[in-house]
Amino acid sequence: MLIRIPRGWEIKESQVTPEAVFLNRRALVAGALAAGSGIAAPAFAQAKDEDPSAGLYPLKRNEAFQVDRPLTDEATASTYNNFYEFGSHKQIWRAAQKLPIRPWTVRIDGLVEKPFEIAIDDLLKRMPLEERHYRFRCVEAWSMTVPWGGFPMKALVELARPLSAAKYVAMDTFHNPEIASGQKASWYPWPYREGVTIEEAANELTFLVTGVYGKPARKQYGAPLRLALPWKYGFKSVKSIVRFEFTDKRPVSFWEKLQPAEYGFWANVNPQVSHPRWSQATEEVIGTGKRVPTLLFNGYGEFVAKLYDGIKGEKLFV
Ligand code: MTE
């Protein structure tokens with residue numbers, strides 16, 4: 001995520017320019033196409049029978065969430081990912097295939113009536129699954145448009161039965177350095193953690209993702225369960241979640257621990273507030289070669305702006 005880390009950080013600041021991102025992306029797409037033409041299966045060509053939840057897809061689309069641009073093509077989106085557990089570059093899709101996603105247990109604990117664990121396939125049976133097309137804006141100033149499958153986080157909050165003292169939900173990714181070699185890098189505060197307020201968790205836009213492009217999510221997207229918060233920068237959308245902790249303390253996220261001056265709790269998309277090292281005014285739409293203006297709340301203000309009324313003295317948007 002192009003963060004400055006004192007030890008071991010190999011990406012130069014010059015490489016964060018949108019041009020570099022674009023060129024890198026072109027090389028990746030070319031590589032993926034080459035791989036697809038030969039023996040190797042392309043990253044997006046998932047056999048439907050690989051995943052026990054495959055029969056649930058495709059899901060009916062919820063048309064309430066419209067997008068103003070075409071979906072990013074699957075080959076591009078599946079080969080340009082951030083998932084530091086598998087490497088600090090965008091080509092992690094091959095390494096991520098090592099992640100075992102069954103059995104997969106999700107723990108719900110903290111300030112809830114009764115903590116419990118639930119197997120992912122049991123959770124899927126209990127949740128109202130649907131497809132939603134969302135725009136996705138990374139803090140690195142690129143964006144995609146993705147057809148997610150999954151369920152509103154509100155349904156999970158209801159299942160959890162939080163106590164009234166719970167003000168936040170923290171989410172943790174798995175921790176297994178044997179299969180995720182990025183987790184051997186000791187300067188990162190593993191496991192990856194993110195958090196939202198209870199009001200954000202219950203907002204109608206907040207979506208827990210289990211599928212992408214009409215099938216179960218590929219591992220590089222954070223299978224079998226990840227978050228999608230389309231009005232916040234992508235780093236808030238934590239992947240491969242194993243735990244939801246309801247708490248009265250504001251969670252300190254993975255990136256916030258590393259670089260509090262750059263990655264704050266709120267992280268709402270805002271073109272007026274630059275990242276300390278680059279502008280957020282425009283974004284590269286991956287797959288098109290075009291830059292477009294970035295919108296406040298990534299264009300989702302009608303759903304979420306009210307959540308931030310009256311919040312003062314906070315670093316809202318970084
Ligand atoms: N979740 C985990 N566990 N590890 C990560 O490195 N990267 C974040 C977010 N969730 C990340 C993560 C960042 S910086 C972004 S931009 C998005 O995932 C990328 O999601 P995508 O690969 O589906 O585009």
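Keep in mind that what you see is a predicted model, and the values were worked out from it rather than measured. Counting convention: from 1, in listed order, for ligands and their atoms alike. The first residue of the sequence shown is numbered 1, and numbering continues consecutively from there. When reading the values below, keep in mind they use all heavy atoms of this one structure, side chains included, and skip hydrogens, waters and symmetry mates.
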Any Lys236 heavy atom less than 4.0 Å from ligand 1: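 Outside the 4.0 Å threshold, so no.
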
Under 4.0 Å, counting heavy atoms only: does Ser240 come that close to any atom of ligand 1?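 Heavy atoms of Ser240 never come under 4.0 Å of ligand 1.
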
Tell me yes or no: between the side chains of Gln97 and Gln220, is some donor less than 3.5 Å from an acceptor?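 On atom types as modelled, these side chains qualify, holding a pair under 3.5 Å.
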
Can you list the ligand 1 atoms lying under 4.0 Å from a non-hydrogen atom of [X]?
| X | answer |
| --- | --- |
| Asn81 | 21 (P), 22 (O), 23 (O) |
| Phe235 | 8 (C), 13 (C), 14 (S) |
| Thr173 | 3 (N) |
| Cys138 | 16 (S) |
| Tyr221 | 23 (O) |

NZ/NE/NH1/NH2 to OD/OE distance under 4.0 Å, Arg126 and Glu158: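 Salt bridge flag = no for Glu158 with Arg126.
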
A cation-pi test, strictly: NZ or CZ of Arg137 under 6.0 Å from the centre of the six-membered ring of Phe297 and no more than 45 degrees from its axis. Yes or no?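 No, cation not above the ring by the 6.0 Å, 45° rule.
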
Among Arg226, Lys232, Arg243, Lys236, exactly one meets salt bridge (Lys or Arg N to Asp or Glu O under 4.0 Å) together with Glu194. Which residue is that?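 Testing each of Arg226, Lys232, Arg243, Lys236 against Glu194, the sole residue satisfying salt bridge (Lys or Arg N to Asp or Glu O under 4.0 Å) is Lys236.
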
Would you check the N or O atoms of [X], main chain and side chain alike, for any that come under 3.5 Å of an N or O of ligand 1?
| X | answer |
| --- | --- |
| Trp255 | no |
| Gln220 | no |
| Tyr80 | no |

Would you please name every residue forming a salt bridge (Lys or Arg N to Asp or Glu O under 4.0 Å) with Asp248, sequence neighbours left out?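 By the salt bridge (Lys or Arg N to Asp or Glu O under 4.0 Å) rule, Asp248 matches no residue at all.
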
Of Tyr192, Phe254, Trp148, which has the heavy atom at the shortest distance from atom 12 (C) of ligand 1?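 Nearest heavy atom to atom 12 (C) of ligand 1 lies in Tyr192.
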
Out of Arg218, Gln183, Glu85, whose heavy atom sits nearest atom 4 (N) of ligand 1?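 The nearest heavy atom belongs to Glu85.
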
Is it true that Phe86 and Trp93 have ring centroids separated by less than 6.0 Å?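 No, ring centres 6.0 Å or more apart.
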
Pair Phe254 and Trp190, ring centroids less than 6.0 Å apart: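 Yes.
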
Under 4.0 Å, heavy-atom basis, I'd like to know which part of Phe136 is in contact with ligand 1: side chain, backbone, both or neither.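 For Phe136, the contact with ligand 1 is made by the side chain alone.
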
Checking contacts here: is it the side chain or the backbone of Glu140 that comes within 4.0 Å of ligand 1, counting heavy atoms only? Could be both or neither.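 No part of Glu140 comes within reach of ligand 1.
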
Pair Ser143, Glu283 - check side-chain hydrogen bond (donor to acceptor under 3.5 Å, both in side chains), show working. CA-CA 6 Å; Ser143 65; Glu283 67 206 46; 3.0 Å; yes

What ring pair (Phe, Tyr, Trp, His ring centres under 6.0 Å) pairs are there with at least one residue in residues 155-174, not counting sequence neighbours?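 Non-adjacent pairs meeting ring pair (Phe, Tyr, Trp, His ring centres under 6.0 Å): Tyr168-Phe265.
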
